[in-house]
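Have a look at the structure below, then the notes.
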Amino acid sequence: MASSKEYLQFILGQLAELEEISYRAMMGEFIIYYRGKIVGGIYDDRLLVKPVKAALSYLWEASYELPYEGAKEMLLVDEVDDKEFLQGLFVAMYEELPEVKGKKKK
């Protein structure tokens, strides 16, 4: 099942006060970037984030879920209605997120 653009727009609206939030569509789902780093994504209309230490402490009751078959588990964010919580989560995670790898030249 693909994610809806309405859910994407809702999440982007919740994060609107943060600078440099962007996304990329991928196979009916959406990868979410914060300041150039991948934070997580929207999969089947669920916001999932990378399980870095800051996210684990912020989401101490979160469940691990698969974004799609064969992928690494990510943390489900249930509190998407709370703008301040969601923005705080992204800010807390930023330093622990890996840099995005550049494309290899042929």
Side-chain angles (χ1 to χ4, degrees):
M1 176 177 115
S3 294
S4 69
K5 291 203 176 189
E6 290 79 17
Y7 189 75
L8 169 67
Q9 292 306 317
F10 170 73
I11 296 297
L12 293 176
Q14 294 294 79
L15 298 168
E17 294 173 22
L18 295 178
E19 293 181 16
E20 298 183 58
I21 291 289
S22 59
Y23 71 94
R24 182 170 51 125
M26 183 177 287
M27 299 184 299
E29 308 297 355
F30 303 98
I31 308 299
I32 305 294
Y33 295 83
Y34 175 47
R35 296 172 52 196
K37 294 181 178 181
I38 298 172
V39 177
I42 297 173
Y43 304 91
D44 298 328
D45 286 339
R46 302 169 299 160
L47 177 60
L48 302 177
V49 296
K50 292 184 174 229
V52 296
K53 287 181 185 178
L56 289 167
S57 64
Y58 223 86
L59 302 167
W60 57 275
E61 288 187 343
S63 61
Y64 282 91
E65 298 204 9
L66 291 173
Y68 51 89
E69 194 171 323
K72 292 180 182 177
E73 289 184 322
M74 298 176 81
L75 295 171
L76 174 65
V77 181
D78 278 329
E79 297 183 44
V80 295
D81 292 329
D82 185 340
K83 277 186 180 186
E84 289 181 14
F85 177 85
L86 201 55
Q87 292 171 13
L89 171 64
F90 275 47
V91 170
M93 290 176 63
Y94 180 77
E95 290 300 322
E96 295 177 23
L97 296 170
E99 295 291 332
V100 175
K101 298 173 186 169
K103 292 185 179 181
K104 293 181 182 178
K105 294 181 181 179
K106 292 185 178 181

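- Pairing each heavy atom of V49 with each of A55, the nearest pair is CG2-CB, 4.4 Å.
- Considering every non-hydrogen atom in both K72 and L66, the closest pair reads C-CD2, 4.2 Å.
- Between F30 and Y23, the two ring planes are perpendicular [angle over 60°; tilted spans 30° to 60°].
- Between Y94 and Y34, the ring planes are perpendicular. Angles over 60° get that label, and only those under 30° would be called parallel.
- Side-chain heavy atoms closer than 4.5 Å link hydrophobic residues (I, L, V, M, F, W, Y) into clusters, and following such links, even through other members, never connects L75 to Y33.
- Counting only distance, with no hydrogens or angles, the side chain of E79 and the backbone of L86 share no donor-acceptor pair below 3.5 Å.
- Interatomic distance, L8 CG to L47 CG, rounded to the nearest 0.5 Å: 10.5 Å.
- By the ring-ring contact (aromatic ring centres under 6.0 Å, His included) test, Y7 is found to be paired with no residue, residues two or more places apart in sequence or in another chain being considered.
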What do the steps show when you test Y43 against L76 for side chain to side chain contact (heavy atoms under 4.5 Å, CB included), and what is the final call? CA-CA 10 Å; Y43 304 91; L76 174 65; over 6 Å; no

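- Of all the heavy atoms in Q14 and V80, the pair that sits closest is NE2-O, 2.7 Å.
- Closest heavy-atom contact between K37 and L97: NZ-O, 3.1 Å.
- Using a distance-only test at 3.5 Å, with no hydrogens or angles considered, a donor-acceptor pair links the side chain of E96 to the main chain of A54.
- No donor-acceptor distance shorter than 3.5 angstrom exists from the side chain of E19 to the backbone of R35, with no hydrogens or angles considered.
- Hydrophobic clustering of Ile, Leu, Val, Met, Phe, Trp and Tyr side chains at less than 4.5 Å, counting indirect connections, unites L15 with I42.
- Separation of atoms CD1 (I21) and CG (L12) is listed at 8.0 Å; rounding is to 0.5 Å.
- The two residues D44 and E29 make their nearest non-hydrogen contact at N-OE1, 3.0 Å.
- Counting only distance, with no hydrogens or angles, the side chain of D45 and the backbone of S4 share a donor-acceptor pair below 3.5 Å.
- In this structure, the side chain of Q87 does not engage the main chain of L18 through any donor-acceptor pair within 3.5 Å.
- The shortest non-hydrogen separation linking P51 to Y64 is CB-CE2, 3.8 Å.
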